[in-house]
Amino acid sequence: MRQITLLLLTLFVGQVFAQNKSLPNRITEVENNLIPFVPVKGFKGWNIIDRMKCYKVPGVSIAVIKDYKIDWAKGYGLADTSKNIPVTTETMFSAGSISKFLMAVTALKMVENRQIGLDEPINNYLTSWKIAENDFTKKKPITLRMLLSHSAGTSQSSYFGFTPTQPLPTIVEILSGAKISETRPVVVNSEPNKEFRYSGGGSMIAQLALMDISKKNFAQLTQDLLFEKLGMSNSTFEQPFPSKFIAQCSWAYSSASWFKGMPYVYPQQAAAGLYTTPTDLAKFFIDVQKSYIGKGRVLSQTTTKQMLTPQQNVSDGSYKEQIGIGPFLIQRADDKDLNGVYFEFTGVNAGFLAYGIASITNGNGVIIMLNSGDDVNGLGKEIRRSVAKVYNWTNFLPTEIQPVSLTDAELDKFAGRYRMGTDEVLYLRREKNYLVENINEGKDIYCFPVTKDTIVFTDYNIKAGFKMNDKGEVVSLQNIYQERPIPKMNDDEFSPSEYLKMKNYTEAREAFGAMKMNEYQITYLAYDLMNKKPLNMDAVKTILDLAKEQHPNASIVYSRWGDYYLKLNDKPNAIISYQKAIELDPTDQQVKEMLDSLRK
């Protein structure tokens with residue numbers, strides 16, 4: 001009993017301490033407490049500007065929710081790097097899949113208005129287009145509840161946008177898979193109401209049903225049912241982006257090879273079309289929180305509680321993730337307290353990332369929007385964890401680990417390269433009083449010693465132990481999920497990619513050749529190398545030579561050779577390579593279009 005009392009007192013003191021901090025102090029603490037997935041006692045948090053530079057994010061905007069109100073909102077960095085326009089609290093970002101959450105609340109409002117049934121066949125409400133009937137739908141007709149909880153078994157998990165100069169499909173053309181939509185038809189291709197299966201196509205079906213019933217376009221419908229009621233004056237589902245908001249709109253940035261260097265257009269409005277600000281999105285999340293206690297402006301308490309009731313399991317791990325009728329629900333796996341349940345949605349569009357999360361109770365939350373679409377687990381989640389730490393969110397962060405202190409010499413023994421696979425190397429280096437890991441020179445993961453021979457990886461809270469030989473030398477590393485240890489590599493031992501980086505092309509070709517990659521694996525490697533910076537065309541040629549040797553009759557090999565010659569501005573050889581690709585695969589429409597453009 002005494003322990004419980006002490007625990008409650010500790011939580012109370014922590015909450016009071018957070019409440020008593022001044023607003024400037026709270027902002028400063030959030031800006032300087034960005035942390036990895038697993039909190040580490042004594043680890044000094046990162047600064048937001050430093051982490052923006054680390055992740056190459058030009059601009060960020062944040063709105064923090066406290067006690068069912070916006071506590072503060074602030075912009076960082078640039079909305080447009082070429083024009084040097086700063087991010088402000090009125091800068092609008094593409095919200096990506098958070099659009100689906102707002103569509104779900106719109107739909108539930110129409111359920112409350114008795115315009116549509118949550119558990120009636122959705123085809124009863126569709127007039128412009130119908131879900132094609134098959135064996136799945138005959139047994140279980142698709143309902144709005146299934147569509148909003150991503151359990152309808154519908155196809156098309158996500159949508160790619162269009163560049164502003166491309167012709168845009170209608171919603172019926174998107175659902176029908178017309179050529180202009182550049183996607184396949186949306187169909188039911190797995191058993192309905194059996195399991196969670198994320199589907200942007202299902203969201204588009206729900207959107208069309210709402211439009212058919214209301215006789216309104218989707219932008220106007222959400223304006224009437226959501227934005228006007230909540231004072232969301234800097235939000236729109238209009239696509240293309242309306243001219244009145246252009247001055248407020250952030251540019252988009254991404255290092256992805258396919259990215260065209262501009263904000264994309266998303267005619268798939270309910271799936272990905274929302275533009276908004278963190279401040280406006282915070283108003284929406286706050287209204288959901290208030291509706292849960294019967295004080296909201298849009299939904300009733302009964303409907304909101306139904307919306308926030310789990311419909312399907314999504315994933316298990318250190319957090320249990322479920323889906324409600326619209327939002328995702330997350331809770332630490334070791335926690336059963338309702339105060340530790342959070343509803344959330346994350347959005348990823350070309351050149352943009354957005355995060356919205358709020359507690360079901362207690363009135364806490366944060367909205368974070370970035371004009372960079374490159375790392376969904378990076379900066380945005382670090383900011384989210386900082387807010388959770390500073391504002392003492394109930395049972396949100398994992399339990400803090402207590403590292404032990406090792407000497408530099410002890411840590412240096414662990415540093416080195418560990419071979420996870422033929423071409424997969426785990427690198428460990430010492431930094432200050434901890435280790436930093438990356439795999440194939442990817443993102444850094446911070447690792448802290450918890451015993452003399454054990455570290456914790458702070459990206460997934462996984463322990464790994466080092467093994468020594470009789471001489472006390474480290475010979476391997478093994479985490480708790482691995483069946484076999486990862487051997488430490490000798491100084492004269494290299495992976496195929498390491499040979500390539502060292503420009504030892506003969507050794508690289510021999511090592512990659514021994515891997516016996518299929519034509520898709522090896523040509524993807526070439527494609528990836530062609531789009532890396534700095535560009536090493538000798539490395540690309542090494543891989544393509546090997547690809548031609550091992551797969552002489554694969555059309556995709558010659559397509560990549562065409563790409564290679566285009567990079568060299570060698571148009572004649574590019575044409576020859578693409579022609580060879582067409583000879584081997586006459587159905588490749590993309591290569592045909594490339595050839596046509598080169599011959600003009």
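Note that these values count all heavy atoms, side chains included, but never hydrogens, waters or copies made by symmetry. As the structure is a computational prediction, the values presented were derived from the model and not from experiment.
The minimum heavy-atom distance linking Ala206 with Leu148 is given by the pair CB-CD2, 4.3 Å. Contact between Gly317 and Ala333 at its shortest, heavy atoms only, is O-CB, 3.2 Å. Residues Ala282 and Ala63 approach most closely at CB-CB, 4.1 Å, considering heavy atoms. For Phe285 against Ile367, the heavy-atom pair with the smallest separation is CD1-CD1, 3.7 Å. The shortest non-hydrogen separation linking Thr309 to Leu329 is C-CD1, 4.1 Å. Pairing each heavy atom of Val87 with each of Val60, the nearest pair is CG1-O, 3.4 Å.
The aromatic ring centroids of Tyr342 and Phe396 lie less than 6.0 Å from each other. For Phe345 and Phe328, the gap between ring centers is short of 6.0 Å. The aromatic ring centres of Phe101 and Phe284 sit less than 6.0 Å apart.
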Carefully, step by step, assess Ser254 and Asp374 under the rule side-chain hydrogen bond (donor to acceptor under 3.5 Å, both in side chains). CA-CA 6 Å; Ser254 174; Asp374 288 339; 2.7 Å; yes
Please evaluate residues Gln166 and Val265 with respect to the criterion side chain to side chain contact (heavy atoms under 4.5 Å, CB included), reporting the C-alpha separation (whole Å), side-chain torsions for both, the decisive distance (0.1 Å), and the verdict. CA-CA 9 Å; Gln166 287 181 278; Val265 181; over 6 Å; no
Could you walk me through whether Asn364 and Ser359 pass side-chain hydrogen bond (donor to acceptor under 3.5 Å, both in side chains), step by step? CA-CA 5 Å; Asn364 293 314; Ser359 56; 4.5 Å; no
Step-by-step side-chain hydrogen bond (donor to acceptor under 3.5 Å, both in side chains) determination, Ser181 to Thr183: CA-CA 5 Å; Ser181 73; Thr183 52; 3.2 Å; yes
Run the numbers on Phe136 and Lys138 for side chain to side chain contact (heavy atoms under 4.5 Å, CB included), then give the verdict. CA-CA 6 Å; Phe136 291 123; Lys138 286 176 184 176; over 6 Å; no
Stepwise, does the salt bridge (charged side-chain N to carboxylate O under 4.0 Å, His left out) test hold for Glu344 with Arg384? CA-CA 12 Å; Glu344 68 155 348; Arg384 187 168 84 170; 2.8 Å; yes
Between Ile98 and Thr276, is a side chain to side chain contact (heavy atoms under 4.5 Å, CB included) present by the stated rule, with each step listed? CA-CA 10 Å; Ile98 295 178; Thr276 187; over 6 Å; no
Could you check Phe352 against Leu370 for side chain to side chain contact (heavy atoms under 4.5 Å, CB included), going step by step and ending with a plain yes or no? CA-CA 6 Å; Phe352 290 100; Leu370 292 70; over 6 Å; no
Checking side-chain hydrogen bond (donor to acceptor under 3.5 Å, both in side chains) for the pair Ser97/Tyr198: CA distance, chi angles, key distance, verdict? CA-CA 11 Å; Ser97 288; Tyr198 193 73; 2.9 Å; yes
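Among pairs with a residue in residues 210-240, those fulfilling ring pair (Phe, Tyr, Trp, His ring centres under 6.0 Å) read Phe218-Phe237, at least two apart in sequence or across chains.
Between the side chains of Gln311 and Arg145, at least one donor N or O lies within less than 3.5 Å of an accepting N or O. Side-chain polar atoms of Ser151 and Arg197 form no donor-acceptor pair below 3.5 angstrom. Inspection of the Gln269 and Glu238 side chains reveals no N or O donor paired with an N or O acceptor under 3.5 Å. Checking Asp71 against Tyr391 by side-chain atom types alone, a donor-acceptor pair falls below 3.5 Å. In this structure, a donor-acceptor pair under 3.5 Å is present between the side chains of Glu321 and Ser315. If you check the side chains of Asn189 and Ser155, you find no donor sitting under 3.5 Å from an acceptor.
The main-chain N or O of Gly200 is never found under 3.5 Å from a side-chain atom of Lys100 such that the two would form a donor-acceptor pair. Looking only at distances, no side-chain donor or acceptor of Gln268 sits under 3.5 Å from a matching main-chain atom of Tyr159. Between the Gln220 side chain and the Asn217 main chain, no donor and acceptor come within less than 3.5 Å of each other. Checked by atom type and distance alone, the side chain of Asp588 never pairs as donor or acceptor with a backbone atom of Ile582 at under 3.5 Å. Remark: side-chain polar atoms of Asp375 are paired, donor with acceptor, to backbone N or O of Asn377 under 3.5 angstrom.
Ring-plane geometry between Tyr264 and Trp258 is classed as perpendicular, the angle between the planes exceeding 60 degrees on a 0 to 90 degree scale with a lower cut at 30. Ring planes of Tyr460 and Phe37: tilted class, angle from 30 to 60°. Aromatic ring pairs are classed by plane angle as parallel below 30°, tilted from 30° to 60° and perpendicular above 60°; the pair Tyr527 and Tyr524 is tilted.
The pair Arg297-Glu228 does not meet the salt-bridge criterion, since no charged nitrogen lies less than 4.0 angstrom from a carboxylate oxygen. A salt bridge is defined here as a Lys NZ or Arg NE, NH1 or NH2 lying under 4.0 Å from an Asp or Glu carboxylate O, and Lys216 with Asp224 meets this definition. Ionic pairing of Asp563 and Arg560 is present here: one or more N-O contacts between side-chain nitrogen and carboxylate oxygen are shorter than 4.0 angstrom.
Side-chain contact check for Tyr125 versus Glu120: some heavy-atom pair is nearer than 4.5 Å. Contact annotation: the side chain of Glu112 never approaches that of Arg114 to less than 4.5 Å [non-hydrogen atoms, C-beta and beyond]. Considering only heavy atoms from C-beta on, Lys74 stays 4.5 Å or farther from Ile62 through its side chain. Contact check for Phe93 versus Thr277: no side-chain heavy atoms found under the 4.5 Å cut-off. The shortest side-chain heavy-atom distance between Ile383 and Ile48 falls under the 4.5 Å cut-off. The side-chain heavy atoms of Arg385 and Leu34, taken from C-beta on, include no pair separated by under 4.5 Å. Lys69 places none of its side-chain heavy atoms less than 4.5 Å from the side chain of Ile65. Counting only heavy atoms from C-beta outward, the side chains of Thr304 and Ser300 never approach each other to under 4.5 Å.
A cation-pi geometry, defined here as NZ or CZ lying under 6.0 Å from the six-membered ring centre and within 45° of its normal, does not hold between Lys381 and Tyr355.
Residue Tyr275 is tested with Phe245, Tyr266, Phe241 for a ring pair (Phe, Tyr, Trp, His ring centres under 6.0 Å); the sole match is Phe241.
Annotation for Lys592: atom NZ counts as buried by contact number, over 12 foreign heavy atoms lying within 6.0 Å.
Here Leu147 contributes atom CG and Leu208 contributes atom CG; the two are 11.0 Å apart, rounded to the nearest 0.5 Å. Atom NZ of Lys283 is separated from atom OG of Ser235 by 8.0 Å, given to the nearest 0.5 angstrom.
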